[in-house]
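Taking it in order: structure first as structure tokens, then the write-up.
Numbered from 1 within each chain, the chains take letters A, B, ... in sequence-line order.
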Amino acid sequence: MIIEVNNVSKEFVSPKKYPGLKGAIKGLFSNEKVRKMAVEDISFSIEEGEIVGYIGSNGAGKSTTIKMMTGILTPTSGQCLIRGIDPSKERKKNAQNIGVVFGQRTQLWWDLPLSESFSILKEIYNVSDEDYESQMKFLNEVLELEEFWTRPVRNLSLGQRMRADLGAALLHNPKVLYLDEPTIGLDLVVKDNIRKAIREINEKYKTTVILTTHDIEDIEELCNRIIIIDDGKKIYDGSLENLKEKYGVTRKVTMEVKNLKEARQVDLSSALHVSKEAYEVTTDKATNSVEVAFDKHCLSISDVIAQYMKHTEVKDIQIQETELSEIVKEIYRHGMEQETKQNEEGMVS
Amino acid sequence: MKKGRWRIYVPFTLNEIKSNLAYKGSFYLFVLCSCFGAFISYYLWMAIYGSSTSGVLGGLTRNEMILYVFMTYVTSNIVNVGVVGYIENDVRDGAVVMNLIKPIDYRLSLVSRALGVVVYRFLAPSVFVWIGLEIYKVAVLGMNVVSIKNILLYLLSAFFSVLIYQLFDFCFGLMAFVTTYMFGLKMAKNALVSFLTGQLIPISFFPEVFQRVFDFLPFSSMIYTPVMVYLGKYSGEELAAVLLRQVFWIVLLYGLGTILWRKITKRLIVLGG
Amino acid sequence: MKELKRYGRLYKVFVAQFFKYLVQSRVDFLIGLMGFFLTQAAGIAFLYLVFEQIPTLADWTLPQLIFIYGFAQIPRGLDHLFTDNIWMVSWWYVVNGQFDRYMLRPMNLFFQVICEKLQPDALGELMVGILLLAMSLSNGVVAISGTKIILFIISMIAGAVIYTSIKLLFASFAFWMKVSGPVLYTAYQLADFAKYPTEIYAKGIRFIITWIIPFGFVAYLPASYFLKPGVSPWSTIGLECMLAVVFFAISYGVFHFGTKAYESAGN
């Protein structure tokens, strides 16, 4: 196991804030504290060479976990071990083993040309001349840094900056790479390049990658495993297929029809012999459209569309797969249900 | 301007008070440290009076100097609230251009924000230091409490000072459009302000010629004037003259700021920010 | 030793950047210098105006006070030149989470903070300090000797360390307060007042600027060794060095402790 996270929790304590101007004055004299468990008793372990997606809604505790694993934050309780090193105790030793990219913020020196940033990083990570040269050759192949090698970081486009940041995080060939929203705000082509680069690095060096993202494609194209966290607690840990199989059963078809009245006469349950619970129909007068959300195990898209085409003229069709965000939402609900169930059970016993 | 129009600027002021209150820890220490600074200044002057053979220096007795030191602190605390920091930030993140689109007067919105800080600083700690000073004055120095008339006159004059400083700071802050390096300029400004406003040393200590020159600059109207008004050093026509001079500076700096702002916005529109 | 060399190599990269920057931004540099000269000119003018009224201040003459004034500038300038980035920690890096990037690198945190920036404005302080010292030396307030030159250099370094310690201590509060800039600023302001002989202050205050925020050791005390006959170097410069070591240890401890409590941003 290259990464072991054992019962890690992080609590933030901040002075209580009251609303309004009156509240602000009140706050001046009060000493009340607000405690917030950002991460609660999380455990998992990751093997060398895995690419793991770490997902959850905003404020779920993703970044907090990553920050504990990288040594930025000290856990309130529990322990992270990265290659057997506790980052909160041996920060420097751990830093030598890891590379980190925060999509929202660069780690590079804003005013310096990229080339200077790299020569500084070479010293910081104590990279030998030979290693530097061979690694730069590889990084140039996958990230094409030469294009903007002499430009100051502040003049780079977001995509270039991200490539530069990724290169900077990989200069010392870390065993573990943490990526926090690595494709945020990038256009499709750049996203694709970044993903390709991550895959290549993972293949070549068996680098373990942990990434947080809101982009389903990042997950689909990169991760063989995902961990979902909600409200500070781990609620899913397993493969993406398994997740989709289990939760991602809903599909959505939106059809713009000529006559909404005619479309309303469609009765999928009797025509296709399925239960009424397997689908849900909503109509929208403003756009003259029908939206059918259905369980893909019970119904097929072609059947649904065919039924509607029988009754009315369909002008336009849109098909939506369940988005990861919806799966995640589903899981949160599931997780909560389980929790309340456990609580109820606990109360009984 | 219609009466209702003022109302849109009130949230700027309130917001600033709120965000100032939010930093509670900083606040207590700020009060402590800033008072401490005034005390050191006080001891320096006491040593100076102690080394002097004459009881009156620069037209001020030892007791008056004590009042001068602390009232300068009280006054500069509320007067030295600039707008240059806001301008710098807005220029840096491009919010200035956004402000050109909004139906608000940029300068007025800055002054409203700064007034929030002024109100806050007046309530804490200025007014408490002032009350403490009055008690000290009666109990230790054996002087009379300041008259209601002087309180009102002081408050009026200090309010003028606040406006003069902010309008001046607005003109100065427009330099942020010209240079990205405001740190050096701010340092120069602070040096000039603390020296020429009478914060460091009463204007009356300067040679006669310099005092004449200062009459033609806005600085002495910023701090020296309200403090001397409080000390009751002016009366009758002289009092009217110094207050009028403050009003004159408000009008002049307002006009100057308007002209400069017009020039800069024109340039912004031409160059596209 | 290998470690030390690595730190040295890294520092060299930043120093090279600094000189490049100096050449590129001459105008900014001159503006900064001007701002600085004005600040100091105001301070000196204040002394001149006061000495128009009195012959000596607590037994110190004007040239002696100018010596102390100039003497105070040099450690301040050294500290300013080499460790100015500490200010950024107190104002921004903690509250907006930029301190993260130091935490991610396998190097000493304090070193990372200070090496990133050399402050050109400090050259103004150093210039003013040397100028004022030269002025008072030409007035003959100090008799120069070999020992004095060596002790002078030691005192300057110890003074700079005291400045840095005070800055580091107050900046470290940011790890708990998020923003400690206002506190640091006010504490730093006290340095201006320690430019005058500490004996003019009341006991409590003298205690504070000697032992709590020890700016008194930066200028007045060591300067008195050079100015007054029969003052022992041990009780002045020796004490200053000891204090520098102790205060740096305390500040560094608080800083280190603070990085453990660092909460990053976004929570």
Side-chain angles (χ1 to χ4, degrees), chain B residues 20 22-54 56-60 175 178-197 199-207 210, chain C residues 25 27-43 45-47 49-60 119-121 124 170 173 176-190 192-194 196-202 204-206 208-209 213:
Chain B
N20 268 285
Y23 290 105
K24 183 169 60 167
S26 317
F27 168 72
Y28 290 130
L29 277 162
F30 174 75
V31 171
L32 184 88
C33 288
S34 65
C35 289
F36 192 54
F39 272 104
I40 292 178
S41 179
Y42 157 82
Y43 282 107
L44 185 60
W45 279 110
M46 290 308 98
I48 292 166
Y49 274 85
S51 304
S52 167
T53 43
S54 135
V56 180
L57 295 178
L60 297 171
M175 294 288 278
V178 187
T179 171
T180 49
Y181 189 72
M182 287 298 283
F183 183 79
L185 286 177
K186 277 193 283 186
M187 198 152 71
K189 184 199 83 177
N190 289 343
L192 278 180
V193 165
S194 73
F195 197 54
L196 300 179
T197 56
Q199 218 174 314
L200 205 57
I201 185 165
I203 306 282
S204 54
F205 275 70
F206 285 90
F210 284 83
Chain C
S25 47
V27 177
D28 287 358
F29 176 61
L30 288 176
I31 293 173
L33 218 59
M34 177 196 75
F36 199 76
F37 271 111
L38 276 176
T39 312
Q40 299 314 312
F46 171 75
L47 286 181
L49 288 177
V50 167
F51 273 85
E52 285 288 301
Q53 313 277 343
I54 50 173
T56 58
L57 175 61
D59 289 333
W60 296 85
Q119 176 54 265
D121 294 338
F170 285 96
F173 290 164
W176 293 276
M177 296 163 60
K178 301 288 177 204
V179 177
S180 69
V183 192
L184 174 52
Y185 178 76
T186 20
Y188 210 75
Q189 288 301 89
L190 296 181
D192 284 349
F193 294 95
Y196 309 110
T198 44
E199 66 225 29
I200 65 171
Y201 306 121
I205 290 174
R206 217 184 313 174
I208 289 170
I209 60 168
I213 302 169

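Most heavy-atom pairs under 4.5 Å with chain B: of the set C:Asp59, C:Ile209, C:Ile31, C:Thr56, this distinction falls to C:Ile31. Listed options C:Val27, C:Leu33, C:Thr39 were ranked by heavy-atom pairs under 4.5 angstrom with chain B; first place goes to C:Thr39.
Only the side chain of B:Phe183 comes within contact range of chain C, with heavy atoms under 4.5 Å apart. Contacts of C:Phe29 with chain B are absent, with no heavy-atom separation under 4.5 Å from either backbone or side chain. With a threshold of 4.5 angstrom between heavy atoms, C:Tyr196 approaches chain B through side-chain atoms but not through N, CA, C or O. The parts of B:Ser41 that come within reach of chain C are both its backbone and its side chain, each placing non-hydrogen atoms under 4.5 angstrom from that chain. Proximity to chain B is absent for every atom of C:Leu30, based on heavy atoms less than 4.5 angstrom apart. Looking at B:Tyr42, there are no atoms closer than 4.5 Å to chain C (heavy atoms on both sides), in backbone or side chain.
Other residues, nucleotides and ligands place more than 12 heavy atoms under 6.0 Å from the CZ atom of C:Phe46.
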What do the steps show when you test B:Tyr43 against C:Thr198 for side-chain contact (heavy atoms from CB on, under 4.5 Å), and what is the final call?
CA-CA 10 Å; B:Tyr43 282 107; C:Thr198 44; over 6 Å; no

Stepwise side-chain contact (heavy atoms from CB on, under 4.5 Å) check, C:Ile200 with B:Leu44:
CA-CA 6 Å; C:Ile200 65 171; B:Leu44 185 60; 3.3 Å; yes

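Here the CG-CG distance, from C:Leu38 to B:Leu185, works out to 10.5 Å after rounding to the nearest 0.5 Å. Rounding to the nearest 0.5 angstrom, the gap separating the CZ atom in B:Phe205 from the CD atom in C:Glu52 is 11.0 Å. For the atom pair CE (B:Met46) and OH (C:Tyr201), the distance works out to 12.5 Å, reported to the nearest 0.5 Å.
Partners of B:Lys189 according to the side-chain hydrogen bond (donor to acceptor under 3.5 Å, both in side chains) rule, which considers only residues two or more places apart in sequence or in another chain, are B:Tyr165, B:Asp169. Under the side-chain hydrogen bond (donor to acceptor under 3.5 Å, both in side chains) criterion, C:Glu199 pairs with C:Trp60, C:Tyr220, sequence neighbours left out.
Shown here for C:Ile54 and B:Ile48, the closest heavy-atom pair between the two residues is CG2-O, 3.6 Å. Contact detail for C:Ala58 and B:Ser51: the closest heavy-atom pair is N-OG, 3.2 Å. Closest of all the heavy-atom pairs between C:Ala42 and B:Phe195 is O-CE1, 3.6 Å. Across all non-hydrogen atoms, the minimal contact from B:Ala188 to C:Met34 is CB-CE, 4.0 Å.
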